[in-house]
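Position 1 is the first residue of the sequence, and the numbers go up from there. Note that the structure is a prediction, hence the values are computed from the model and not measured. Side chains included, hydrogens not; waters and symmetry mates left out as well; all remaining heavy atoms used.
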Amino acid sequence: MSDLAPRRARVRAPELIGKGGWLNTGGEQYTLADLRGRIVVLDFWTFCCINCLHVLDELRELEEKHRDTVVIIGVHSPKFVHEAEHQAVVDAVERYHVEHPVLDDPELATWKQYAVRAWPTLVVIDPEGYVVAQHAGEGHAHAIEKLVEELEAEHEAKGTLRRGDGPYVAPEPEPTVLRFPGKALVLPGGSYLVSDTTRHQLVELDADGETVLRRIGSGARGFADGTAAAASFNEPQGLALLDDGAVVVADTVNHALRRLDLETGYVTTLAGTGRQWWQGSPTSGPAREVDLSSPWDVAVFGGRVWIAMAGVHQLWTYDPAGDGEGGTVAVAAGTTNEGLVDGPGEQAWFAQPSGLAVSADGERLWLADSETSALRWVDREGAVHTAVGTGLFDFGHRDGAAEQALFQHPLGVTALPDGSVAVSDTYNHALRRYDPATGEVTTLATDLREPSDAVLVGDDIVVVESARHRLTRLRLPEEAVKVASVAHRTQRAATDVAPGALRLDVIFQAPAGQKLDTRYGPSTRLLVSSTPPGLLLKGEGADTDLSRTLELDPSVPEGVLHVSAMAASCDDDPANEYPACHVHQQDWGVPVRITDGGTDRLPLVLAGMDA
């Protein structure tokens, strides 16, 4: 297709509406008419979603390179109840350095107008206000940049491109000691080491939890080893003490593990390349040669460093004594499929594991599985178990027996001396406790603000109140605080489908200038399951074809179809001996309702260049 070739029939972009209003615009409210003449990229995201956070980082280069022609608009579309709170969106925009306007859409009005089905989804609108592309999932920045260059040339020639400054207005920085801290660690001398995530630093605080003793890291986003002043991090999170007295750091957005020498303040890299892991990449090998994906927390268990690899829904390990200089990394549990499945490590499913803690007796590795709002654990043999939680779509604040208790997107776990575990129940703004001896969940404290971690200090527990930018010390009460039970299910409009056969079509078109990568066999993969499992009579499982006929049980009135698709494409240039290749992947949870007269086809768009 030439630069100026006409496109297929275009669709006028629906208006941007959201009850929460606009952020990062200096108070201005915008319509699509205000943006006419610019190339607009809508990023439908929600701040709990690790794939959405990956896309934020993918778009940074595009945003900078085409700042005078492209306007990126984040359309915040919540999954969890907490994410519909306006202040929570304001916090998330600052926390993740979102440097473009954001429309807060708590009622999913714009999401519905654009028929979006999954987080994240990107929609490209041309300078005349027409939708020209839609992409679900991550890994599409390369394709979108090519489209942007094509649109720039086309509309420059037509006289419909308007260059200039965009509507982004940076908010004023707040002068707090910490800014959205993530995790904390009590050091041998009694001070605290805190990951000051939004400022890309580690901060050592005195035993009072307030006085700054030193800062490690330049404070600028980067990936550099060196002295405390010269080293750089990128949104660091988890911290753990190593046997040699150093600290291992989960450097989340650098997709790396770093090592801090507590005596000298010197920072080195233990594992990771700085690149994000994609399907088909190695899953074990020399630690500095294997890509990682958003490591969120770390803990030393069974002689190895366990890694909550939130970006691929797995647990990995780093073995400093493994074969190869500098140790090795390997997958320990998880298939990369997102969900809640127990069993042997190689069969288990996770959903953004984000907090780790070793039990007092050293026999269990507890973990907060945030997207399933679950508390889970791994035994010494590597098998995975669930203590509390039922799946991706049920959450709330409910105490009582474990089988009916509910959390809301917990990010941290803390082993208590009596064998129980404290859960930083982040989106409930609470500290909860699960006792394996009784199977009961209770509430220890409320009115915290997005607690993301906690550490024990004597008879007290010190909580990282991330959205209050501080450490908060609490006395562990003998009895839990009583709270009213609240249960939620993720609310999205269900698709009415006919009973019986349902044709599932995942639509993928290789971006312009690329072709399917078939050098090593099939380049696509489709995995389908359902909640409840009985919803699907036929069609469950994995295959390479992106289309499949499912059979739904008419006796199951409603449920959720879980669809995971992947496609690989490479640059289509015969003269290039080493073409660049790209992986496109997305998970959908599609609520369906069995209805006579409902549709018998379910199309899902993985990627496509033309509307």
Asker: Could you tell me whether the side chain of Asn428 and the main chain of Gly396 form a donor-acceptor pair under 3.5 Å?
Answerer: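 Such a contact is found between Asn428 side chain and Gly396 backbone.
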Asker: With rounding to the nearest 0.5 angstrom, report the OG to NE2 distance, Ser564 to His313.
Answerer: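 Between atom OG of Ser564 and atom NE2 of His313 there are 8.5 Å.
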Asker: If you compare all heavy atoms of His397 against all heavy atoms of Thr446, which two are closest, and at what distance to 0.1 Å?
Answerer: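 Heavy atoms only, the tightest pair is CE1-CG2, 4.5 Å.
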Asker: Output the distance between atom CG (Asn337) and atom CG (Leu527), rounded to the nearest 0.5 Å.
Answerer: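 The CG atom of Leu527 is 4.5 Å from CG of Asn337, to the nearest 0.5 Å.
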Asker: Between Leu602 and Arg117, is any pair of side-chain heavy atoms under 4.5 Å apart?
Answerer: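 Yes. Closest side-chain heavy atoms under 4.5 Å.
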Asker: Do Cys48 and Glu83 make a side-chain contact, defined as non-hydrogen atoms from C-beta onward lying under 4.5 Å apart?
Answerer: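 The answer is yes; the side chains approach within 4.5 Å.
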Asker: Would you check if there is a donor-acceptor pair between the side chains of Ser281 and Arg275 at a distance under 3.5 Å?
Answerer: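 Note: Arg275 and Ser281 side chains miss the donor-acceptor criterion.
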Asker: Looking only at the side chains, is there a donor atom on one of Gln276 and Glu58 sitting less than 3.5 Å from an acceptor on the other?
Answerer: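 Checked: Gln276/Glu58 side chains show no N/O donor-acceptor pair below 3.5 Å.
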Asker: So, Asp505 side chain and Ser547 main chain: donor-acceptor pair closer than 3.5 Å or not?
Answerer: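 Answer holds: no.
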Asker: What do the steps show when you test Gln347 against Val341 for side-chain contact (heavy atoms from CB on, under 4.5 Å), and what is the final call?
Answerer: CA-CA 8 Å; Gln347 299 174 15; Val341 176; 5.8 Å; no
Asker: May I ask you to decide if Val413's main-chain N or O and Ser424's side chain share a donor-acceptor pair within less than 3.5 Å?
Answerer: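 No; judged by distance alone, with no hydrogens or angles, the pair does not exist.
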Asker: So, do His97 and Arg60 sit near enough that their side-chain heavy atoms are less than 4.5 Å apart?
Answerer: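 A side-chain contact exists here, since the closest heavy-atom pair is under 4.5 Å.
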Asker: Looking at every non-hydrogen atom in both residues, tell me the closest pair between Ala467 and Asp91 and how far apart they are.
Answerer: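 Between these two residues, the closest heavy atoms are CB-OD2, 3.8 Å.
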Asker: Report yes or no: does Glu551 contribute a side-chain atom to a donor-acceptor pair with the main-chain N or O of Pro499 at less than 3.5 Å?
Answerer: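 Answer holds: no.
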Asker: Looking at side-chain heavy atoms only, is the closest gap between Val123 and Val41 below 4.5 Å?
Answerer: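 A side-chain contact is absent here, since even the closest heavy-atom pair is not under 4.5 Å.
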Asker: Between Glu450 and Leu411, does a side-chain contact (heavy atoms from CB on, under 4.5 Å) hold up when you go through it step by step?
Answerer: CA-CA 9 Å; Glu450 293 194 16; Leu411 291 178; over 6 Å; no
Asker: Quick one: does Arg548's side chain have a donor or acceptor within less than 3.5 Å of a partner on Leu526's backbone?
Answerer: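 Yes, Arg548 side chain to Leu526 backbone: donor-acceptor pair under 3.5 Å.
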Asker: Are any of the side-chain heavy atoms of Thr426 and His82 separated by less than 4.5 Å?
Answerer: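 A side-chain contact under 4.5 Å is absent here.
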Asker: Is there a side-chain contact between Gln237 and Thr197, using heavy atoms and a 4.5 Å cut-off?
Answerer: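 They are in contact (side-chain heavy atoms under 4.5 Å apart), so the answer is yes.
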Asker: May I ask you to check whether Phe47 and His76 place their ring centers less than 6.0 Å from one another?
Answerer: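 Ring centroids of Phe47 and His76 are less than 6.0 Å from each other.
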Asker: Donor-acceptor pair, Ser370 side chain versus Gln352 backbone, under 3.5 Å?
Answerer: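 Flag set: sc Ser370 to bb Gln352 pair under 3.5 Å.
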Asker: Check whether any side-chain heavy atom of Val528 sits under 4.5 Å from a side-chain heavy atom of Asp543, and report yes or no.
Answerer: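 Answer no - side chains too far apart.
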Asker: Using side-chain contact (heavy atoms from CB on, under 4.5 Å), reason through Ser373 and Phe80 one step at a time and then give a plain yes or no.
Answerer: CA-CA 10 Å; Ser373 297; Phe80 289 96; 3.5 Å; yes
Asker: If you look at every heavy atom in Gly598 and Ala498, which pair is closest and at what distance?
Answerer: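 Here Gly598 and Ala498 meet closest at O-CB, 3.4 Å.
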Asker: Just by distance, do the side chain of His429 and the backbone of Arg449 share a donor-acceptor pair under 3.5 Å?
Answerer: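 No, because the side chain of His429 does not come within donor-acceptor range (under 3.5 Å) of the backbone of Arg449.
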Asker: Using 30° and 60° as the class boundaries, would you call the ring planes of Trp119 and Trp111 parallel, tilted or perpendicular?
Answerer: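 Trp119 vs Trp111 ring planes: tilted.
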Asker: Please report the shortest heavy-atom distance between Trp316 and Val290, naming the atom on each side.
Answerer: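 Where Trp316 meets Val290 most closely, the heavy atoms are CZ3-CG1, 3.8 Å.
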Asker: Give the C-alpha distance, both sets of side-chain angles, the deciding distance and a yes or no for side-chain contact (heavy atoms from CB on, under 4.5 Å) between Leu367 and Trp306.
Answerer: CA-CA 11 Å; Leu367 67 106; Trp306 285 65; over 6 Å; no
Asker: State which residue, out of Val75, Ile73, Leu56, fulfils the side chain to side chain contact (heavy atoms under 4.5 Å, CB included) condition with Asp43.
Answerer: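 The residue from Val75, Ile73, Leu56 that satisfies side chain to side chain contact (heavy atoms under 4.5 Å, CB included) with Asp43 turns out to be Leu56.
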Asker: Identify the heavy atoms of Tyr114 and Ala13 that sit nearest to each other, and give their distance.
Answerer: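 Here Tyr114 and Ala13 meet closest at OH-CB, 3.4 Å.
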Asker: Are side-chain N/O atoms of Arg525 and Thr544 paired as donor and acceptor at under 3.5 Å?
Answerer: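 Per modelled atom types, Arg525 and Thr544 side chains form no pair under 3.5 Å.
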Asker: Is a side-chain N or O of Arg398 found less than 3.5 angstrom from the main chain of Gln404, in a donor-acceptor match?
Answerer: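 At least one qualifying donor-acceptor pair exists.
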Asker: Rounded at 0.5 Å granularity, tell me how far CG in Leu340 sits from CZ in Phe350.
Answerer: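 That separation rounds to 9.0 Å.
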Asker: Any side-chain donor paired with an acceptor under 3.5 Å for His385 and Asp379?
Answerer: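 Note: His385 and Asp379 side chains meet the donor-acceptor criterion.
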Asker: Is there a donor-acceptor pair closer than 3.5 Å between any side-chain N or O of Asp496 and the backbone N or O of Thr595?
Answerer: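 Not confirmed, Asp496 side chain does not pair with Thr595 backbone.
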Asker: Could you tell me if the side chain of Tyr96 sits less than 4.5 Å from the side chain of Leu53, heavy atoms only?
Answerer: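 Yes, close enough: below the 4.5 Å cut-off.
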Asker: Which ring pair (Phe, Tyr, Trp, His ring centres under 6.0 Å) pairs, counting each pair once, include a residue from residues 542-563, with sequence neighbours left out?
Answerer: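 The answer is Phe393-His562.
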Asker: Which distance, rounded to the nearest 0.5 Å, do you find between the CG of Leu546 and the CD1 of Ile507?
Answerer: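 Between Leu546 CG and Ile507 CD1, I get 10.5 Å after rounding to 0.5 Å.
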Asker: Which pair of heavy atoms, one from Gly334 and one from Gln314, lies closest together, and at what distance?
Answerer: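 Nearest heavy atoms, Gly334 then Gln314: O-NE2, 3.0 Å.
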Asker: For the atom pair CD (Glu558) and OG1 (Thr495), what is the distance rounded to the nearest 0.5 Å?
Answerer: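 Separation between the atoms: 12.5 Å.
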Asker: Indicate whether any N or O donor in one side chain lies under 3.5 Å from an N or O acceptor in the other, for Arg95 and Thr198.
Answerer: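 There is no such pair between these side chains.
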Asker: I'd like to know if the side chain of Ser452 and the backbone of Ser466 have a donor-acceptor N/O pair within less than 3.5 Å.
Answerer: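 No, because the side chain of Ser452 does not come within donor-acceptor range (under 3.5 Å) of the backbone of Ser466.
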Asker: If I take atom CG from residue Asp600 and atom CG from residue Leu550, how far apart are they, to the nearest 0.5 angstrom?
Answerer: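 If we round to the nearest 0.5 Å, Asp600:CG and Leu550:CG are 11.5 Å apart.
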Asker: Quick one: does NZ or CZ of Arg380 land under 6.0 Å from the six-membered ring centre of Phe301, within 45 degrees of the ring axis?
Answerer: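 Yes - Arg380 lies over the ring of Phe301, closer than 6.0 Å to its centre and within 45° of its axis.
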